[in-house]
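Data first, discussion second: the structure below is written as structure tokens.
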Amino acid sequence: MDKDPIAPLRPAQAHAALLLALLGGVACEAAAQGRPDIVIRDAGQRDADGAVLVDLRLLNEGGAPAPMALPDRVEARLTANGAERRVWLARDKATAADGTVPPGGFAQARYRLQVPGGVVIDGAVLSIPALSGQQLVVSERAYGGSALAQAAPAEDMAGRSPAPQAAPPPADRSAGNQFLGNFSAYQPIYAVYGPGTNSEARLQISFKYRLFGIGETGAPGAGREGLHFAYTQRMFWDLGAESLPFRNIDFQPELFYLTPSRTLASGVSVSAQAGFAHESNGRDGAASRSVNSVYLAPMAAFPLGEGYRLSVAPRLALFVGSLSDNPDIRRYRGNAGLTAEIGKDDGLRLSTATRFNFASGKGAVSADLSYPLPRILEGLPSLYLFGQSFVGYGENLLDYDRRATRFRLGVALIR
């Protein structure tokens, strides 16, 4: 590892350091547990394969060696072309996954970013919430370049002090909510419509929230940070009825553990999820439905080249607790399922989900096809054109024992 002394901070670097200091909760927790602080030192140089190199510096201000553990892949945020998108950084093979940082010293780490097609990386803002509270402006340069990316200068060329920092806008709910970065997407969020049924419109909202930590994923003792709470709500709207009622609403809170992903030498990423899910429709009497289950879902993602990826996740679920509202639901849902997804991050994507009872021969299959609207016509909203189909039993919990075929079209915020 590089043993050169840390250069004095220039004004721009001091500004970034001040930003990190304001996120004192992260630094204090890391110091208390003997973990190094992580700073994004540089981003922008491309390697011979065209990937952008992201260099990190791990600082140990303690008096004892600090263990470090770096994930194979880590989620980052890239704000470019006026839009923020989720990207993934892969640990460079020359960077060890674990080691120690000497007391009062530092260590270096390098990650690689494959830039999505059509994204202008120069001038983009990069952050890695799972590792650092810092944001950095990327300065692109060719392979072998040496200039460092810099944040906006704290002083101008004449040495004048910058204007006082403005207060956050009154409507900015991120101000004072240091755990906001723990929210992330879970299931798709969409609104679709297909005429001719008693549930013409289907809407879904979903999110997950990491319960512990602001982002030490992969750090020593960080096992509890895989614990998540999730909530999904599916609404079936009968637009053909006189009063336009919601025919059924399914509520599904979950508590689950998500393991850190591991990237194999072949480029395949593997992970697993296990948890407890409750599902009910909030009604009483003969229309009441509820079910509890525990499940296990190993997952794998395979790179296919040209930006395409295949993801598969078999799922085994066991019903627990009372099934008095729907005593024969196992006959129609079964205990096994499989989700699969193939597509491109900035293009067409097909997602499928199946569940099956091998004893009764009953089950269901659904498929979602999505494509970014701005790719169809420039200037359209940042949404996805979203087509959805369903064939089988139990499109919603109320109709768990009824066979249906549905085709709907609409838009999605998250696919």
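Throughout, numbering of the chain's residues begins at 1 and tracks the sequence.
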Do any N or O atoms from the side chain of [X] and from the backbone of [Y] form a donor-acceptor pair under 3.5 angstrom?
X	Y	answer
Asn60	Pro36	no
Asp55	Asp42	no
Gln45	Leu53	no
Ser206	Tyr186	no
Lys208	Ala185	yes
Asp122	Glu140	yes
Asn326	Ser290	yes

I'd like to know whether Arg289 forms a side-chain contact (heavy atoms from CB on, under 4.5 Å) with Ile329, so could you lay out the CA-CA distance, the side-chain angles of the two residues, the decisive distance to 0.1 Å, and finally the verdict. CA-CA 10 Å; Arg289 302 284 187 271; Ile329 191 170; over 6 Å; no
Heavy-atom side-chain contact between [X] and [Y] under 4.5 Å:
X	Y	answer
Ile121	Arg46	yes
Tyr209	Phe179	yes
Thr352	Leu350	yes

Could you list the residues that satisfy side chain to side chain contact (heavy atoms under 4.5 Å, CB included) with [X], not counting sequence neighbours?
X	value
Trp237	Ala201, Leu203, Leu239, Leu244, Phe246
Ser288	Asp325
Arg283	Asn248, Asn281, Ala287, Leu398
Tyr393	Tyr332, Lys362, Arg403

Applying side-chain contact (heavy atoms from CB on, under 4.5 Å) to Val119 and Val87, what does each step give before you reach the verdict? CA-CA 11 Å; Val119 174; Val87 295; over 6 Å; no
Quick check: closest heavy atoms across [X] and [Y], and the distance to 0.1 Å?
X	Y	result
Ser199	Phe236	CB-CB, 3.8 Å
Val39	Gln134	CG1-OE1, 3.3 Å
Ala43	Val54	CB-CG2, 4.3 Å

Can you name the residues that form a side-chain hydrogen bond (donor to acceptor under 3.5 Å, both in side chains) with [X], not counting sequence neighbours?
X	result
Arg330	none
Gln233	Tyr231
Ser322	Ser324
Asn292	His278

Salt bridge (charged side-chain N to carboxylate O under 4.0 Å, His left out) partners of residues 387-399, not counting sequence neighbours, each pair once: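 Pairs touching residues 387-399 that pass the test: Arg202-Glu395, Arg247-Asp399, Glu395-Arg406, Glu395-Arg408, Asp399-Arg402.
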Pairs where residues 297-311 contributes a residue and the test salt bridge (charged side-chain N to carboxylate O under 4.0 Å, His left out) is met, not counting sequence neighbours: Arg309-Asp345
If you count every heavy atom of other residues, nucleotides or ligands that lies below 6.0 Å from Gln204 atom CD, does the total exceed 12?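 Yes, because the 6.0 Å sphere around CD of Gln204 holds more than 12 heavy atoms from other groups.
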Single hit among Val291, Asn357, Asp401 for side chain to side chain contact (heavy atoms under 4.5 Å, CB included) with Arg333: Val291
Reference residue Tyr111; test side chain to side chain contact (heavy atoms under 4.5 Å, CB included); the match among Asp72, Leu70, Thr95: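 That would be Leu70; it is the only one of Asp72, Leu70, Thr95 passing the side chain to side chain contact (heavy atoms under 4.5 Å, CB included) with Tyr111.
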Please tabulate, for the side chains in residues 365-380, all donor-acceptor contacts under 3.5 angstrom to protein atoms that are two or more places apart in sequence or on a different chain.
unit_1	atom_1	unit_2	atom_2	d
Asp368	OD1	Gln388	NE2	3.4
Ser370	OG	Arg415	NH1	3.2
Arg375	NH1	Asp346	O	2.3

Under the side-chain contact (heavy atoms from CB on, under 4.5 Å) criterion, do Leu338 and Phe356 qualify, and how do the steps go? CA-CA 9 Å; Leu338 174 69; Phe356 198 75; over 6 Å; no
Before accepting this row, confirm whether a basic side-chain N of the pair Glu341/Arg349 lies closer than 4.0 Å to the acidic partner's carboxylate O.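 Yes, this pair counts.
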Extract all donor-acceptor atom pairs below 3.5 Å that involve side chains of residues 293-302 and protein atoms in other chains or at least two apart in sequence.
unit_1	atom_1	unit_2	atom_2	d
Tyr295	OH	Glu254	OE1	2.6
Tyr295	OH	Gln273	NE2	2.9

Step by step, would you call Arg234 with Gln252 a side-chain contact (heavy atoms from CB on, under 4.5 Å)? CA-CA 8 Å; Arg234 290 180 292 272; Gln252 185 172 327; 3.3 Å; yes
